[in-house]
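Because only heavy atoms are used, hydrogens play no part in the values below, and waters and symmetry mates are left out as well, while side chains stay in.
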Amino acid sequence: MTLPKSGRIQARWVFPVCCPPIENGYVEIENGLIAAVGACDGKATDARTVDLGNVAVLPGLVNAHAHLEFSDLISPIEPPQPFTEWIANLMAYRRGRQMPVRQLVSDGWAECLRTGTRTIGEIMTTDDPLLDVLPSDGQFVAFRECIAPVPERIPGQIELAQEHLRRCRDAHASGRSIIGGLSPHAPYTVVLELLQQLIDLACRESALVAMHLAETPAELEYLQYRTGHFRQMLERLGLWRDELHPDGRRPLDYLKLLATLPRSLAVHGNYLDDDEVRFLVDHPQVAIVYCPRTHRYFGHAPHRWRELLERGASVAIGTDGRSSNPDYSLWGELKLLDELTAGQMRPVILELGTIRGARALGLGASTGDLSVGKRADLCCVELPQRDDTDPWRLLFDVTSVSEAELSRHR
């Protein structure tokens, strides 16, 4: 069943996120926007009402960081350590794959939709903008990845970035829910001159910027001392130049640059020190995007996401790619967080997968919770068949949001 563009849907529980769960709740939709949310009063429903039964209705999930080009992988790339070897095998996969990237991205986006995600921050790595293959259902923030480990590559990357933003603007003007962004890849692949130029471009174009940062101990060693696996990788590729790699740098230096924008994302943030946590608390315009199952796959030290949240920093959740994750189900990320916190943070965890992600992507005004006037981007979750007065326990007992569960209600 397709949810109506206009009408009313009812369900056992409605989770607006902006307020407590509503038992026997409804969501009124007018022209694709939320017109009202509340508790059913027991009156007879009209012909425009769809009663979903034993279902939870919540905002469509928000995946703040993904690499959909790896949608054909059935298991993550190995080995997870050392990280530079994983990168080398990822690049080998890219060189050898047979399926067109546009098909991979389309398939990955379809998987996201099937598993409840309605908004995604995608890292795009090809000159093909791929915008024409994306379904119109949901919102898509397309970050163009930019890489220039040497200065002579900067002009070409800036040209690609400008063209990408232009195409995204045109797509948005034609009615597609597509927003352009830029992604300087990481400190070891982006010279500081390119990063500054991309930030300047993003500022002029009011575009988002997302950068992988503080991802591994090897990255910290490279920044601080110019030694370790990343230097060895750059030397093997013939890309190491002493003058391009000053020592004594930290992720904090990059956070300060990102904070000059109205909104930006630092992806992963697995190894933030105390100064960097304090900076993020003071600069909530920079959101940390934590990818829980990818973090676990690489065996990283415990993430500081709870501390960041408690102190008022901005945190969102992403799946990363199937290169480090078994699937693109954001629900799988939320289930892992629930496991890590022994069921003690469920309302906050749902926020991480909805409104906090929407805000990180600059879309908090249009999606992320079931407030009147926002898009009716909904996720419908089949609940366990049992009596239970605790809606949070019911919701998080759902093991996965699957195509079969959604297909009867969408």
Side-chain angles (χ1 to χ4, degrees), residues 64-67 76-90 185-189 210-233 247-256 258 265-283 286-321 323-326 330 332-345 348-349 352-353 356-357 360:
H65 179 73
H67 295 264
I77 289 172
E78 295 183 347
Q81 297 294 341
F83 188 63
T84 50
E85 185 173 343
W86 178 86
I87 290 175
N89 290 337
L90 180 146
H185 173 250
Y188 49 89
T189 54
M211 184 176 194
H212 299 81
L213 193 62
E215 189 171 1
T216 66
E219 178 188 319
L220 302 187
E221 180 183 354
Y222 154 77
L223 288 174
Q224 184 71 27
Y225 303 111
R226 306 197 309 167
T227 59
H229 291 150
F230 282 115
R231 174 167 181 161
Q232 294 164 13
M233 179 182 75
D247 59 10
R249 290 179 296 162
R250 308 161 59 190
L252 181 60
D253 300 318
Y254 293 84
L255 291 174
K256 288 178 178 178
L258 292 173
L265 298 87
V267 179
H268 298 304
N270 298 326
Y271 293 92
L272 300 167
D273 66 18
D274 291 344
D275 289 342
E276 288 146 6
V277 169
R278 281 192 292 270
F279 185 86
L280 288 163
V281 170
D282 293 338
H283 297 82
V286 183
I288 287 292
V289 184
Y290 172 37
C291 301
R293 288 187 293 170
T294 287
H295 183 277
R296 181 176 63 178
Y297 176 67
F298 287 113
H300 292 307
H303 199 282
R304 300 179 74 169
W305 65 278
R306 278 174 279 189
E307 178 186 356
L308 287 164
L309 284 172
E310 289 166 2
R311 296 176 60 179
S314 298
V315 181
I317 298 297
T319 62
D320 213 352
S323 52
S324 59
N325 201 330
L330 197 79
E333 310 301 325
L334 303 188
K335 287 287 289 183
L336 177 55
L337 295 186
D338 188 49
E339 175 188 322
L340 293 173
T341 56
Q344 299 303 304
M345 292 181 63
V348 174
I349 288 171
L352 285 169
R356 291 178 184 267

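Note that CH2 of Trp305 and CG of Leu337 are 4.5 Å apart. Values are rounded to the nearest 0.5 Å. With rounding to the nearest 0.5 Å, the separation of SG in Cys291 from CG in Leu336 is 11.5 Å. Here the CG-OG distance, from Asn89 to Ser323, works out to 11.5 Å after rounding to the nearest 0.5 Å.
For the pair Leu309 and Val348, the minimum side-chain heavy-atom distance is below 4.5 Å.
Comment: Glu339 does not engage Lys335 in a salt bridge, judged by the lack of any side-chain N to carboxylate O separation of less than 4.0 angstrom. The pair Asp274-Arg304 meets the salt-bridge criterion, with a side-chain N (NZ, NE, NH1 or NH2) lying under 4.0 Å from an Asp/Glu carboxylate O.
Under the side chain to side chain contact (heavy atoms under 4.5 Å, CB included) criterion, Pro217 pairs with Tyr271, not counting sequence neighbours. Scored by the side chain to side chain donor-acceptor pair (under 3.5 Å) test, Thr294 finds Ser324 as partners (sequence neighbours excluded). For Asp275, the side chain to side chain contact (heavy atoms under 4.5 Å, CB included) partners are Arg250, Leu252, Asp273, Arg278, not counting sequence neighbours.
Here His67 and His212 bring their ring centres to under 6.0 angstrom of each other. Two rings, from Phe83 and His229, have their centers 6.0 Å or more apart. For His268 and His300, the ring centers sit 6.0 Å or farther from each other.
When all heavy atoms of Leu280 and Ala313 are compared, the closest pair comes out as O-CB, 3.9 Å.
When the options Trp86, Phe230, Phe298 are evaluated for a side-chain contact (heavy atoms from CB on, under 4.5 Å) with Thr216, the one that passes is Phe230.
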